[in-house]
Protein chains: 2
Amino acid sequence: MAATKDPRPCSIADALALVGEKYSLLVLREVCLGNGRFDQLVRNIGAPRDILATRLRRLVDAGILTKRTYSERPQRFEYRPTQAGLELEPVLMTLMAWGDRHLRKDDDRPMVIEHICGNELIPVVTCRACGDAVRHEDLTAHPQVPGWAVTGPTAA
Amino acid sequence: MAATKDPRPCSIADALALVGEKYSLLVLREVCLGNGRFDQLVRNIGAPRDILATRLRRLVDAGILTKRTYSERPQRFEYRPTQAGLELEPVLMTLMAWGDRHLRKDDDRPMVIEHICGNELIPVVTCRACGDAVRHEDLTAHPQVPGWAVTGPTAA
DNA sequence: CCGGTGAGTAGGAAATCCGAACTCACCCTA
DNA sequence: TAGGGTGAGTTCGGATTTCCTACTCACCGG
């Protein structure tokens with residue numbers, strides 16, 4: 001009867017349960033770009049329409065998107081990010097930078113993000129307390145739940 | 001015959017094609033924590049063994065993990081992150097912070113990461129050029145590929 | 001009236017996922 | 001040397017999801 005199957009409790013897993021399904025983060029990308037209409041999403045993402053409808057419902061339920069009417073008669077909608085959705089944008093930026101660096105030759109980046117400072121955005125994840133860029137060797141994990149120790153947080 | 005179905009070219013999509021499948025990022029989490037053995041992964045992630053085997057193959061092929069033998073006779077292996085894998089860790093940290101903030105009540109975080117500076121790690125994504133924290137309103141997207149304009153990069 | 005657009009639904013085939021059981025090679029120990 | 005245990009998977013059939021195409025429904029514009 002004992003639950004021998006529950007995995008490590010973890011906010012990464014919880015977050016992925018919401019936005020980790022296929023296309024979900026691409027929906028967020030398009031919505032952050034301002035392309036929030038159903039047919040735009042279908043075209044830009046390349047997802048089947050029914051799957052997209054399912055994802056949109058889920059993201060709205062989760063409070064990551066809102067569905068706004070921009071035209072009554074004919075009824076037309078637009079999806080937009082909520083505050084919570086916008087706060088996921090850094091994840092997208094970091095992922096994009098990783099993809100640009102590791103998945104592409106040289107400078108054939110399909111999209112460049114410009115920061116308000118005038119330069120191209122190259123996202124760097126830093127520690128809020130000291131401001132330094134986060135490096136694996138500088139981290140130590142402290143599980144808060146008994147029974148979920150880690151063997152060695154850092155392993156070069 | 002024309003390809004009317006290709007979605008927006010994008011490094012986010014490319015990155016997700018590699019690490020966006022179910023469990024892939026959780027594998028990376030465990031491996032970064034130092035838990036790189038097959039049965040540990042099965043337990044900590046809660047994935048079916050065959051799916052896990054498939055994911056591991058894919059991540060190794062993609063150069064995100066390496067499979068190291070830590071014991072000949074009996075043959076025993078351990079998966080470890082490569083440099084490319086380690087560079088995905090910031091994505092995990094950012095995602096974890098988002099989950100902690102939006103998916104949990106107060107302070108029941110299942111895991112706390114300590115930075116070498118002595119404080120708890122709260123990851124902040126910043127612009128490499130100016131050092132400021134990245135906010136949606138400060139970004140402008142510039143697609144590099146004709147035909148993939150965005151309607152409005154910023155839309156509050 | 002005709003064709004077009006936006007926002008989906010419907011239906012069945014194809015691909016994935018899942019859990020449990022199985023293998024195989026080895027070690028321990030009695 | 002027989003029995004049990006562990007690590008690292010593979011194999012199985014069945015349950016779920018995804019995918020694709022077509023369809024709807026409401027409206028608009030000419």
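In what follows, chains carry the letters A, B, and so on, assigned in the order in which the sequence lines appear, proteins first and then strands, with residues in each chain numbered from 1. Below, each value reflects all heavy atoms present in this structure, side chains not excepted, and no hydrogens, waters or symmetry copies.
- Counting to the nearest Å, the C1' atom of dG8(C) and the CG atom of L52(A) are 10 Å from each other.
- Look at K22(A) and you'll find a side-chain N or O under 4.0 angstrom from OP1 or OP2 of dC19(D).
- We find that CZ of F77(B) is positioned 14 Å from C1' of dT10(D), with the value rounded to whole Å.
- For dG6(C), neither phosphate oxygen OP1 nor OP2 lies less than 4.0 angstrom from any side-chain nitrogen or oxygen of R76(A).
- Residues L86(B) and C32(B) come closest through the heavy atom pair CD2-SG, 4.4 Å.
- Between Y79(A) and the phosphate of dG6(C), there is no side-chain N or O to OP1/OP2 separation shorter than 4.0 Å.
- For residues 123-134 of chain A, there are no side-chain hydrogen bond (donor to acceptor under 3.5 Å, both in side chains) pairs, not counting sequence neighbours.
- In this structure, D6(A) atom CG and dG19(C) atom P are separated by 13 Å, rounded to whole Å.
- Although no hydrogens or angles enter the test, the distance criterion places a donor-acceptor pair under 3.5 Å between the side chain of S71(A) and the main chain of P74(A).
- For Y23(B), no side-chain nitrogen or oxygen approaches OP1 or OP2 of dT16(C) to under 4.0 Å.
- Side-chain nitrogen and oxygen atoms of R57(B) include at least one within less than 4.0 Å of the OP1 or OP2 phosphate oxygen of dT10(D).
- dT24(D) atom P lies 15 Å from atom CZ of R49(A), rounded to whole Å.
- Side chain of R55(A) to backbone of K22(A): a donor-acceptor contact under 3.5 angstrom is found.
- Protein atom CD1 of I45(A) is 15 Å distant from nucleotide atom C1' of dG8(C), rounded to whole Å.
- An OP1 or OP2 oxygen of dG8(C) is reached within less than 4.0 angstrom by a side-chain nitrogen or oxygen of K67(A).
- Atom pair I51(A):CD1 and dG11(C):P shows a separation of 16 Å (rounding to whole Å applied).
- The CG-P distance, from D50(A) to dA14(C), rounds to 17 Å in whole Å.
- Counting only heavy atoms from C-beta outward, the side chains of H115(B) and L139(A) approach each other to under 4.5 Å.
- Atom CZ of R68(A) is separated from atom P of dG6(C) by 17 Å (rounded to the nearest Å).
- Taking 4.0 angstrom as the limit, R55(B) places a side-chain polar atom (N or O) nearer than this to OP1 or OP2 of dC17(C).
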